[in-house]
Enquirer: 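I have a structure here, written as structure tokens, and I will follow up with some questions on it.
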Amino acid sequence: KNQVEQSPQSLIILEGKNCTLQCNYTVSPFSNLRWYKQDTGRGPVSLTIMTFSENTKSNGRYTATLDADTKQSSLHITASQLSDSASYICVVSAGSSNTGKLIFGQGTTLQVKP
Amino acid sequence: GAVVSQHPSRVICKSGTSVKIECRSLDFQATTMFWYRQFPKQSLMLMATSNEGSKATYEQGVEKDKFLINHASLTLSTLTVTSAHPEDSSFYICSAGSSTGVENIQYFGAGTRLSVL
């Protein structure tokens, strides 16, 4: 069964601190993995997308890693800001066509406090 | 990145009425659009996949006669919630598939908050 699991479910950190979110997946065939940021009441916004051959991808203060052997990914946020408070969703694409399904994780809710 | 516009952002309606939600890809042609529903503190759940010019493919458990999907052009898909009931209250999100670049990339709209009284 295709599945994406994220941890922790929620996280509270102080402004300026770093944090790492985890994503484990069992999806076949694997096409790509992406991390989205979803603010409350808004649609998801793409942060990074990685294919099978990519180990790391950065987008500003966000750095995602991918280990295709262990089927794990992480999203590292550096020097957190209050605006980073959101839900972070790990999504794995199953299949290679444009109509292939996206398998969504449950998300990690991050709260950054001053 | 590509822009997907979803309208309205919020709608409140009476039970029994129908509500139409529009999803437009503003700067690219989307042969495939997806409709999701999201309940509080849960992840997105795919409702249906719509391809331009053909009937939508609904996920198991989603009533096609209740959630009407029309994908009449490469830039517009609509979701109509017919005879809405309070249990249909949810956050509905569309996405549009791009046929260039990374395979199977989807761009999401900002979502529509539906409240049925």
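The chains referred to below are lettered A, B, ... by the order of the sequence lines, with proteins before strands, and numbering in each begins at 1.
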Enquirer: Can you tell me how far CZ of B:Phe108 sits from OG of A:Ser46, rounded to the nearest 0.5 angstrom?
Expert: 9.0 Å
Enquirer: Check the surroundings of atom CD in B:Glu87: do more than 12 heavy atoms from other residues, nucleotides or ligands lie under 6.0 Å from it?
Expert: yes
Enquirer: Can you tell me if B:Arg113 has over 12 outside heavy atoms packed within less than 6.0 Å of its CZ?
Expert: yes
Enquirer: On a heavy-atom basis, which atom in A:Phe104 and which in B:Ser43 lie closest, and how many Å separate them?
Expert: CB-OG, 3.3 Å
Enquirer: Are more than 12 heavy atoms, taken from residues, nucleotides or ligands other than A:Lys17, located less than 6.0 Å from that residue's NZ atom?
Expert: no
Enquirer: Are B:Ile69 and B:Ile21 connected into the same hydrophobic cluster when the rule is that any two of I, L, V, M, F, W, Y join if their side-chain heavy atoms are below 4.5 Å apart?
Expert: yes
Enquirer: Is it the case that atom CZ in A:Phe52 sees more than 12 heavy atoms from other parts of the structure closer than 6.0 Å?
Expert: no
Enquirer: Flag the one option from A:Pro44, A:Ser10, A:Ser87 with the top tally of heavy-atom pairs under 4.5 Å to chain B.
Expert: A:Pro44
Enquirer: Please check if the number of heavy atoms outside B:His7 that lie under 6.0 Å from its NE2 is greater than 12.
Expert: no
Enquirer: Find the distance between CG (B:Leu44) and CG (A:Leu102) and round it off to the nearest 0.5 Å.
Expert: 9.5 Å
Enquirer: Once rounded to the nearest 0.5 Å, what's the spacing between atom CD1 of A:Ile103 and atom CG of B:Leu46?
Expert: 9.0 Å
Enquirer: Report which part of A:Gln38 has an atom under 4.5 Å of a heavy atom belonging to chain B: side chain, backbone, both, or neither.
Expert: side chain
Enquirer: Please look at B:Gln38 and chain A and tell me whether the side chain, the backbone, both or neither of the residue comes under 4.5 angstrom of a heavy atom of that chain.
Expert: side chain
Enquirer: Where do B:Ile93 and A:Gly43 come nearest, in terms of heavy atoms and distance?
Expert: CD1-CA, 4.4 Å
